[in-house]
Amino acid sequence: MKIDYNLLFLFISNIIALFLAIWKLSQWEERLQHQINQNKKDINQGLEALRHEMRERDHYISIQLNTLVNYIEKTTDYHPPSMNDFDVK
């Protein structure tokens, strides 16, 4: 039986190339997954900072509204409705 060494070499080199391609793809996938996780972390930090700013803004707005209502109550005869005003009799 005669062995064709060129064909054998071609077959072995194709197998090696296939393994190298699989290895490169796995490395690329790992880097991509790391970048995705980093992006998710950055997005979550940005959202948390935004939520914190919104809570602070809402707190300041509520202080301003309460101050305004207190001023109106002291300077006029306005009295805002309470929950007792809505009782059904």
Side-chain angles (χ1 to χ4, degrees):
M1 181 170 140
K2 187 175 180 183
I3 298 176
D4 187 4
Y5 291 107
N6 287 336
L7 193 58
L8 182 63
F9 177 73
L10 183 64
F11 180 71
I12 291 172
S13 65
N14 282 339
I15 289 176
I16 292 171
L18 180 66
F19 283 132
L20 285 175
I22 290 171
W23 179 74
K24 281 297 234 181
L25 283 174
S26 68
Q27 292 293 319
W28 181 73
E29 189 269 338
E30 186 177 319
R31 283 194 311 265
L32 187 62
Q33 192 64 38
H34 176 72
Q35 187 64 41
I36 288 170
N37 289 338
Q38 186 66 36
N39 290 347
K40 284 181 182 178
K41 182 180 172 186
D42 291 344
I43 289 170
N44 287 337
Q45 287 176 348
L47 288 174
E48 185 58 36
L50 184 62
R51 285 187 199 105
H52 179 68
E53 288 180 18
M54 289 174 67
R55 280 192 296 266
E56 282 185 358
R57 184 202 61 192
D58 291 347
H59 178 71
Y60 292 136
I61 288 174
S62 67
I63 289 174
Q64 290 173 347
L65 286 176
N66 287 337
T67 304
L68 183 62
V69 167
N70 289 337
Y71 174 77
I72 290 173
E73 286 176 349
K74 288 180 182 178
T75 58
T76 63
D77 60 354
Y78 170 75
H79 296 288
S82 66
M83 291 307 292
N84 294 334
D85 295 336
F86 298 104
D87 288 342
V88 177
K89 296 179 183 179

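Keep in mind that the numbers below use all heavy atoms, side chains included, and drop hydrogens, waters and symmetry copies.
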Check against side-chain contact (heavy atoms from CB on, under 4.5 Å), W28 and L32: CA-CA 6 Å; W28 181 73; L32 187 62; 4.0 Å; yes
Close side-chain approach of L18 and N14, heavy atoms under 4.5 Å: no
Gap separating the OG1 atom of T67 from the CD1 atom of I63, nearest 0.5 angstrom: 7.0 Å
Reported CD-to-CG distance for the pair Q27 and L25, which is rounded to 0.5 angstrom: 10.5 Å
Atom pair CG/OH of L65 and Y60 - distance to nearest 0.5 Å: 15.0 Å
Validation row: I15, F19 side chains within 4.5 angstrom (heavy atoms): yes
Spacing of CG belonging to L47 relative to CE belonging to M54, to within rounding of 0.5 Å: 10.5 Å
4.5 Å side-chain heavy-atom contact, R55 and D58: no
R57 side, atom CZ; H59 side, atom NE2 - distance, nearest 0.5 Å: 13.5 Å
CD1 on I43 to CD on E48, rounded to 0.5 Å: 14.5 Å
Qualifying residue, where the test is side chain to side chain contact (heavy atoms under 4.5 Å, CB included) with N37 and the options are K41, Q33, H34: Q33
No-hydrogen, no-angle side-chain donor-acceptor test under 3.5 Å, Q35 and N39: yes
